Amino acid sequence: MRWSNLFVPTLREPPADAEAANHKLLIRGGFIRQLHSGHYSLLPLGLRVHNKVADIVRREMDAIGAQEFLLPAMHPAEIWKKSGRWQAVGEEMFRFVDRKGADNVLGMTHEEIFTDVAQEITSYKSLPQIWYQIQLKFRDEPRPKSGLLRVREFAMKDSYSFDIDEAGLDHSFEVHHDAYVRIFEALELPAIAVEASSGAMGGSGSTEFMVPSSVGEDDVAICGNCGYAANTERAKARLAELEDRDLSELVRLPTPGVRTIAALETIEGGAPAVHQIKTMVMVLDGEVTLALLRGDHELEMQKLADSTGAIDIRPATPQETVEHLGANPGSLGAVSVEGLRIICDPALEGRRGLTTGANEDDWHWSGVDIARDIAVDEWTDLRKVKAGEPCLDCGSPLEIVRCIETGHIFKLGTKYSDPLGAFVLDPDGTQKPLVMGSYGIGIGRSVAAVAEVHHDDKGLAWPVSVAPFEVVITIVSSKDEASVAAGETLYDELRSRGVDVLLDDRDARAGVKFADAELIGIPYRVTIGPRALAEGEVELTSRATGDTTRVPIDAIADSLVETVETDRR
RNA sequence: CGGGACGUGGCGCAGCUCGGUAGCGCACCUGCUUUGGGAGCAGGGGGUCGCUGGUUCAAAUCCAGUCGUCCCGACCA
């Protein structure tokens with residue numbers, strides 16, 4: 001491709017409202033343009049990168065025997081009603097009515113549709129099957145953000161495995177896991193596989209592939225010693241040994257004006273946070289519920305969601321709180337509470353000598369014995385792990401790292417095959433629902449993640465594997481006939497030898513060409529100028545390192561072909 | 001959905017307080033000069049000032065409403 005023919009609208013300044021590096025640089029470099037919140041047009045450069053990411057994903061999926069499909073992006077509501085998700089997913093799904101008055105949706109995922117096709121698998125003999133597609137997903141995100149990181153319309157590679165039993169599923173899952181590791185290696189993304197919650201898609205054995213980045217939206221607890229890694233939605237940690245206070249008698253404690261854990265620590269007769277009970281009033285699918293934690297611990301909402309199966313979870317309003325407990329936040333507790341579901345974090349199990357609200361403004365109880373004084377319905381891990389807490393497995397301090405979730409794999413079991421009627425006959429001739437797994441990689445999000453990881457103050461610095469072009473030939477002076485001739489010759493040769501090469505043949509100043517080449521992040525730049533050319537040489541500059549070397553002109557093509565081929569992965 | 005900010009040529013901004021013929025930088029077009037790190041000079045093109053309504057002789061500017069975008073929290077590839 002010749003730069004003079006390429007549409008690359010580069011900008012000196014990024015749009016004022018862009019903050020994430022990928023967003024600023026993809027806009028400045030002319031890769032993408034925003035149409036609407038959460039909807040981006042891919043320009044020629046952006047599409048090239050997107051396609052290369054998709055091709056890597058395709059290559060590795062094909063390598064595990066997966067078969068590519070392309071399913072409709074738009075679905076009839078019926079099938080979503082059958083799976084139960086027409087009700088379950090809420091506002092995240094785009095829904096509309098067609099001219100016949102029928103309900104339709106824009107697909108946010110394709111479990112239902114692949115399962116529909118899978119009804120035609122009739123025998124265990126044709127299993128396992130792994131099916132995938134690279135298709136647009138539509139999700140009415142409450143808040144699109146950070147360029148391509150979080151959008152409402154995006155290409156996803158989604159695959160689905162079909163097996164006769166759990167053992168088969170385990171194998172399909174492993175195979176995907178390994179393929180994902182290879183994909184992220186090829187993309188030069190330092191992704192780590194972490195334990196995760198499966199969220200709204202349902203299922204178990206959930207593993208996310210996380211790329212550390214400050215613009216990410218997830219926190220991952222990582223043990224540097226033993227390698228334990230889990231999304232904080234699910235992560236656990238050891239508790240340090242703790243001696244209960246010797247307060248066996250339940251006593252009413254006047255606490256005028258005390259509304260916070262911190263204030264209760266310092267007041268006369270109060271207690272350190274570790275000896276307090278934090279009482280969170282939550283509404284789970286309409287049911288007012290008390291979630292109890294140690295005073296210094298924080299509630300992890302996803303754990304509450306996962307352990308209760310509730311879909312709609314929110315903190316109670318002040319009115320609801322007063323109505324059910326008789327006091328305002330700051331004086332709440334579960335002592336002697338009846339008629340409300342009480343869920344308690346194990347950090348409080350067996351504890352005595354505790355202090356908690358008395359459900360009367362300005363009063364607390366001290367000397368609370370959980371077992372004696374509180375009617376706990378369920379014990380389940382609810383607390384959010386904090387940095388520095390000891391790893392559950394080895395005791396080393398955990399680190400909390402911000403990450404971008406670029407992939408997610410999990411086991412569905414028969415959650416969709418059962419209701420949608422995807423059954424096969426096993427060797428005994430009995431009907432069995434297909435045992436399924438579901439596996440996703442965001443293509444556009446991966447592009448954004450690579451941009452986040454591979455850039456500097458001059459612009460993007462793509463790995464060869466996904467770069468829009470592998471090599472750019474910069475002709476320093478388009479007036480210098482020898483330079484132009486040498487550039488054209490090299491351009492033709494590299495193209496004929498399969499290198500993705502861009503010839504900067506624009507009639508522009510050298511500084512502009514250098515700056516643009518660096519901004520759009522082409523991994524290798526060959527600079528052809530009168531100086532070196534007079535000595536029969538050209539310059540080769542690596543975008544990533546900035547290193548420049550002189551190479552004889554008759555050796556440059558061989559050298560580049562070799563370098564690019566080894567870098568491609 | 002709660003909180004905050006902002007909507008003025010393609011991009012970045014000023015003008016608004018105190019209503020009176022819409023301006024600057026970058027980008028773009030023409031010419032001349034220049035030419036190894038985002039050139040200089042001269043000339044030029046391009047804007048329903050988000051939208052609707054109101055106040056006024058007169059609205060980018062004041063008032064009301066509305067739409068949109070971005071950022072921080074609850075959701076996910």
Side-chain angles (χ1 to χ4, degrees), chain A residues 9-20 23-24 27-28 30 33-39 53 57 89-92 108-109 134-159 180 196-201 206 208-211 215-218 231 233 282 299 301-302 305 311-315 317 404-410 438-449 458-459 474-480 483 507-519 525 527-533 539 541 548:
Chain A
T10 57
L11 300 174
R12 282 230 190 164
E13 291 180 279
D17 50 20
E19 299 220 335
H23 189 193
K24 288 185 189 172
I27 298 273
R28 278 193 60 208
R33 286 294 184 262
Q34 184 182 46
L35 173 66
H36 185 43
S37 179
H39 299 267
V53 171
V57 170
V89 294
E91 303 216 279
E92 202 181 334
M108 52 184 288
T109 177
I134 294 174
Q135 165 66 307
L136 291 182
K137 304 292 185 239
F138 297 86
R139 297 185 186 175
D140 195 353
E141 290 289 340
R143 185 154 95 83
K145 58 180 287 201
S146 305
L148 293 185
L149 269 189
R150 175 156 226 87
V151 292
R152 303 206 301 174
E153 173 183 349
F154 59 95
M156 176 163 105
K157 185 289 295 176
D158 49 324
S159 50
Y180 275 38
S197 157
S198 39
M201 296 298 167
S206 172
E208 289 169 335
F209 288 81
M210 295 292 207
V211 176
V215 299
E217 300 178 272
D218 287 84
N231 193 307
E233 290 175 353
M282 306 299 293
L299 174 66
M301 294 259 265
Q302 191 63 46
I311 293 166
D312 179 35
I313 295 193
R314 60 175 174 85
T317 62
I404 300 168
E405 179 194 350
T406 51
H408 194 172
I409 60 178
F410 47 91
S438 167
Y439 318 88
I441 289 181
I443 305 297
R445 183 179 283 183
S446 293
V447 171
K458 290 177 178 164
T474 303
I475 298 174
V476 169
S477 169
S478 48
K479 299 277 190 301
D480 181 53
S483 297
D507 181 19
R509 299 171 70 86
V512 172
K513 295 187 183 186
F514 294 150
D516 274 344
E518 281 154 356
L519 175 61
R525 185 181 85 211
T527 308
I528 301 185
R531 289 185 198 161
L533 206 55
E539 288 156 38
T541 305
T548 297

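Lettering follows sequence order; numbering is per chain, from 1. Small disclaimer: the values here were computed from a predicted structure and weren't measured.
Of the candidates A/Leu533, A/Thr474, A/Thr527, A/Leu533 is the only one forming a side-chain contact (heavy atoms from CB on, under 4.5 Å) with A/Ser483.
Under a 4.0 Å N-O distance rule, the pair A/Glu19/A/Lys145 does not qualify as a salt bridge.
Candidate nucleotides B/A74, B/U35, B/G12 were compared by shortest atom distance to the side chain of A/Met301, and B/A74 ranks first. The side chain of A/Glu92 has B/C75 as its nearest neighbour among B/U69, B/A77, B/C75. Candidate nucleotides B/G68, B/A77, B/C71 were compared by shortest atom distance to the side chain of A/His36, and B/G68 ranks first. The listed nucleotides are B/C75, B/A77, B/U69; the one nearest the side chain of A/Arg139 is B/A77. Side-chain atoms of A/Glu217 lie closest to B/C75 of the nucleotides B/C71, B/A77, B/C75. Candidate nucleotides B/A39, B/G12, B/C70 were compared by shortest atom distance to the side chain of A/Ser37, and B/C70 ranks first. Distance from the side chain of A/Pro15 is smallest for B/C11 among the nucleotides B/A77, B/C11, B/C70.
The residue A/Thr317 sits apart from the nucleic acid: no heavy atom pair falls under 4.0 Å. If you check every strand for non-hydrogen atoms under 4.0 Å, A/Gly407 touches sugar and phosphate atoms only. Using a 4.0 Å heavy-atom cutoff across all strands shown, A/Arg314 reaches no nucleic acid atom at all. Backbone-only contact: A/Thr406 has heavy atoms under 4.0 Å from sugar-phosphate atoms and none from a base. Residue A/Ala515 is in base contact, counting any heavy-atom pair closer than 4.0 Å across all strands shown.
Going from the P atom of B/C13 to that of B/U55 covers 35 Å, rounded to whole Å. Distance check on atom C1': B/G44 versus B/A60 gives 26 Å, rounded to whole Å. Between B/C51 and B/A59, the two P atoms lie 14 Å apart (nearest whole Å). Going from the P atom of B/U61 to that of B/G9 covers 15 Å, rounded to whole Å. Comparing the C1' positions of B/G40 and B/U21 gives a spacing of 33 Å, expressed to the nearest Å. A gap of 13 Å separates the P atoms of B/G10 and B/C49, to the nearest Å. Taking the P atom of each, B/G31 and B/C18 are spaced 50 Å apart, rounded to whole Å.
With A/Arg445 contributing its side chain and A/Glu405 its backbone, the two residues share a donor-acceptor pair below 3.5 Å.
One can place CD of A/Glu13 at 15 Å from C1' of B/G9, the figure rounded to the nearest angstrom. Atom CZ in A/Phe138 sits about 17 Å away from atom P in B/A77, given to the nearest Å. Rounded to whole Å, the distance from CD1 on A/Ile475 to P on B/G37 is 17 Å. Nucleotide B/C1 holds its C1' atom 9 Å from the CD atom of A/Glu91, rounded to whole Å.
No aromatic stack links A/Phe514 and the base of B/G36, using centre distance under 5.5 Å and interplanar angle under 30°.
Side-chain atoms of A/Asp17 stay outside donor-acceptor range of the base of B/C71, with no qualifying N/O pair under 3.5 Å.
A/His408 has no side-chain polar atom (N or O) that falls below the 4.0 Å cut-off from OP1 or OP2 of B/C76. At the phosphate of B/C70, OP1 or OP2 sits under 4.0 Å from a side-chain N or O atom of A/Gln34. Checking the phosphate oxygens (OP1, OP2) of B/C72, a side-chain nitrogen or oxygen of A/Lys145 falls inside 4.0 Å. Distances shorter than 4.0 Å separate none of the side-chain N or O atoms of A/Arg509 from OP1 or OP2 on B/U35. Phosphate proximity of B/C72 to A/Arg143: present, with a side-chain N or O under 4.0 Å from OP1 or OP2.
The partner of B/G47 is absent, by the rule that a Watson-Crick or G-U pair needs both atom distances under 3.5 Å. The nucleotide B/C11 finds its pairing partner in B/G25, both defining distances of the Watson-Crick or G-U wobble pair being shorter than 3.5 Å.
Two residues are said to be in side-chain contact when any heavy atoms from C-beta on lie closer than 4.5 Å; A/Arg531 and A/Val476 fail this criterion.
Residue order along RNA chain B, read from the 5' end via each residue's closest nucleotide, puts A/Pro14 first among A/Pro14 and A/Glu19.
To the nearest 0.5 Å, atoms OG1 (A/Thr10) and CD1 (A/Ile27) are separated by 12.5 Å. We find the OG-CG distance between A/Ser477 and A/Asp507 to be 8.5 Å, quoted to the nearest 0.5 Å.
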